[in-house]
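Let me begin by presenting the structure, written as structure tokens, before commenting on it.
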Amino acid sequence: MAQSAKQRPWAFSARSLAVLYLILTAGPVLLASLSGGLNSPTVYPVLARATGVAALAMFMMQFATSGRFELISGRIGLDRTMGFHRLAAKGALWMILLHVFFFLFRGRDGSLDVMWQRLVAYMTTPDLRTGIVAAGLAVILVITGKHLRGRIIPYQAWRIGHGLLAVALVALSLQHAFTHARFMADPFGATAILLVALLALSSLLVVYVLRPIHAFRPGFKVESARALSPTVAELVLTTKRPERFTFAAGQFAWLAIGRRHTVTDNPFSIASAPSDLPRLRFLIRNAGDMTAAVPRLAPGTPVGVDGPHGSFTLDETGPGPLLLLAGGIGIAPVMSLLGELSHARDRRPIRLIAAARSRADHIARGEILPLMEGLDFEAIYLADTDGGDDCESGTCRREHVSRLLRGLAPAETTAFVCGPPPMMESAVAILLQAGIPIERIVMERFDFDAGNDAVCASIRHRFIALMATVFASVLTVALIAAT
């Protein structure tokens with residue numbers, strides 16, 4: 001069996017991360033409830049202050065979940081970490097809305113007219129301006145992150161603006177909390193919030209100060225860059241210090257071209273195997289941004305490499321057969337896996353379904369058969385537009401999977417799926433119908449919070465369960481404190 005060439009660094013388990021998140025978001029509310037002048041004619045002001053403290057802690061935790069820290073994502077995958085980051089942002093926004101909503105009920109009169117008068121008073125009170133602006137920034141961050149990222153707003157511009165707005169939100173929220181929140185008028189809750197703020201600040205220092213230094217430390221430079229098709233380019237990097245960069249087949253890295261700060265970097269899957277170092281190969285689809293310039297990169301151009309990241313690796317496999325499904329540029333990490341399996345002379349049955357828009361878009365096909373020669377390997381190639389004798393027309397169907405798994409045990413098969421989101425969603429349904437267990441389907445996508453397939457739904461339900469636990473804990477603590 002092929003083994004990962006990289007000894008993965010220690011990282012928290014999924015359960016440990018869930019417990020830590022609960023402690024760092026609901027914990028400050030618990031500590032703040034120990035004192036702080038909670039006398040109130042109704043329970044609502046206490047609920048309002050508790051949800052405000054929790055919302056602040058949740059937004060500060062966003063810096064840690066978006067910082068690409070292997071300590072956090074090493075065992076669960078950076079894609080899952082980022083999926084949780086996006087869902088947690090919505091949870092923090094809902095916590096802010098509860099914060100405002102409960103304050104509207106702070107008196108004994110809860111009529112609509114009185115609530116409207118209170119809302120207008122809050123919106124026009126100068127002392128509350130920082131809190132109002134922070135709430136507005138939270139809405140902007142969530143909406144732009146979901147609907148404008150990489151679409152109306154170019155990805156790099158959005159990313160820089162997103163980070164700056166997030167810093168402003170937290171700074172304004174901290175000022176608002178310590179100026180107006182009686183719920184924070186004790187040393188316990190205040191200290192807890194300051195510790196979470198220190199964690200957020202440390203994350204920023206790592207991302208914007210230490211990471212740029214570390215990314216250029218391996219000394220990667222462009223060896224060659226060329227177009228393989230009208231839409232895909234090959235970028236090959238090389239280094240004289242390969243011992244400074246190790247990775248597992250199937251992982252990806254964020255690349256910063258030239259001497260630019262890593263805030264401008266972009267993620268790309270590594271298409272080479274660990275045994276190919278000191279060369280590092282990438283297959284990059286032209287997405288209309290900086291990727292369009294890849295074929296024109298001059299040899300010798302320095303490239304910052306932040307990584308490796310991802311859990312789309314052979315560490316996820318069992319001893320049984322392997323089924324690899326690649327759509328479009330999803331062939332890049334699959335080529336890395338195939339290279340590692342070939343290097344190890346892995347004797348397991350290895351099956352591949354590679355789909356592309358046309359036969360010409362099968363850019364790596366000519367490499368695959370020589371690479372897998374002598375192994376138990378079979379492949380099906382699909383093209384949307386122009387199939388032929390050696391490339392079938394259409395998309396992946398149940399019959400393709402059944403054909404490749406004939407004589408093999410689906411329940412013991414590990415399936416790797418990588419490609420456009422619609423392709424992955426349909427592939428998951430086909431794999432489940434073919435008898436491959438959901439826990440043996442390995443995917444890498446950054447929108448687990450939004451995907452419609454069974455794997456995404458399963459992961460999303462865990463995210464939501466954690467968010468529900470945070471909300472329940474915060475509200476329970478507040479109710480107990482108010483009695």
Side-chain angles (χ1 to χ4, degrees), residues 12-65 71-72 84-85 87-106 130-131 134-135 138 169-203 462-483:
F12 287 109
S13 66
R15 182 169 298 180
S16 298
L17 288 171
V19 172
L20 278 173
Y21 187 83
L22 178 61
I23 291 173
L24 292 171
T25 53
V29 178
L30 174 62
L31 293 174
S33 70
L34 299 179
S35 60
L38 300 181
N39 294 328
S40 175
T42 68
V43 70
Y44 296 113
V46 180
L47 288 168
R49 292 167 184 144
T51 50
V53 171
L56 174 56
M58 291 171 73
F59 271 113
M60 289 193 293
M61 284 300 297
Q62 291 294 90
F63 291 103
T65 56
L71 189 68
I72 296 174
F84 177 76
H85 173 82
L87 187 140
K90 300 174 187 176
L93 181 58
W94 275 107
M95 198 70 83
I96 287 180
L97 295 176
L98 285 177
H99 172 65
V100 175
F101 177 77
F102 285 134
F103 261 128
L104 296 180
F105 283 90
R106 64 179 304 159
T130 54
L169 183 158
V170 168
L172 292 170
S173 298
L174 283 169
Q175 191 278 338
H176 176 74
F178 283 97
T179 303
H180 301 286
R182 285 186 295 151
F183 200 58
M184 294 301 299
D186 67 283
F188 304 109
T191 300
I193 281 293
L194 288 175
L195 287 175
V196 179
L198 180 61
L199 176 62
L201 177 61
S202 300
S203 300
R462 296 176 213 168
F463 292 165
I464 293 173
L466 176 54
M467 284 290 104
T469 304
V470 171
F471 275 72
S473 300
V474 169
L475 296 177
T476 300
V477 167
L479 289 172
I480 293 174
T483 58

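Counting begins at 1 with the first residue of the sequence.
Shown here for A18 and L466, the closest heavy-atom pair between the two residues is O-CD1, 3.7 Å. For the pair A200 and F63, the tightest heavy-atom approach, listed with the atom from each and the gap, is CB-CD1, 3.6 Å. Of all the heavy atoms in A177 and L56, the pair that sits closest is CB-CD2, 3.9 Å. For the residue pair A50 and A478, the shortest heavy atom distance occurs at CB-CB, 3.6 Å. The two residues A135 and I96 make their nearest non-hydrogen contact at CB-CG2, 4.0 Å. Annotation for A57 and V196: closest pair O-CG1, 4.0 Å, computed over non-hydrogen atoms.
How far CD1 of I72 is from CZ of F12: 8.0 Å, rounded to the nearest 0.5 Å. The CG atom of L30 lies 10.5 Å from the CD1 atom of I23; values are rounded to the nearest 0.5 Å. In this structure, OG in S13 is found 9.0 Å from CG in L20, a value given to the nearest 0.5 Å. Annotation: the span from S203 atom OG to L201 atom CG amounts to 8.5 Å, rounded to 0.5 Å. One finds the CG atom of L104 at 10.0 Å from the NE2 atom of H99 (value rounded to the nearest 0.5 Å).
Residues I193 and L174 have side chains in contact (heavy-atom distance under 4.5 Å, counting atoms from C-beta outward). Side-chain contact between M61 and L199 is present, with at least one heavy-atom pair separated by less than 4.5 Å.
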Please evaluate residues L194 and F178 with respect to the criterion side-chain contact (heavy atoms from CB on, under 4.5 Å), reporting the C-alpha separation (whole Å), side-chain torsions for both, the decisive distance (0.1 Å), and the verdict.
CA-CA 10 Å; L194 288 175; F178 283 97; 4.1 Å; yes

Could you give me the CA-CA distance, side-chain angles and deciding distance for L87 and I464, then say whether side-chain contact (heavy atoms from CB on, under 4.5 Å) is met?
CA-CA 8 Å; L87 187 140; I464 293 173; 4.0 Å; yes

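For T51 (side chain) and A48 (main-chain N/O), a donor-acceptor pair under 3.5 Å exists by modelled atom type.
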Tell me which donor-acceptor pairs under 3.5 Å the side chains of residues 467-476 have, and how far apart each pair is, sequence neighbours excluded?
residue: T469; atom: OG1; partner: A465; partner atom: O; Å: 2.8
residue: S473; atom: OG; partner: T469; partner atom: O; Å: 2.7
residue: T476; atom: OG1; partner: A472; partner atom: O; Å: 2.6

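Taking the six-membered ring where the residue is Trp, F463 and F84 present perpendicular rings, their angle passing 60° and hence far from 30°.
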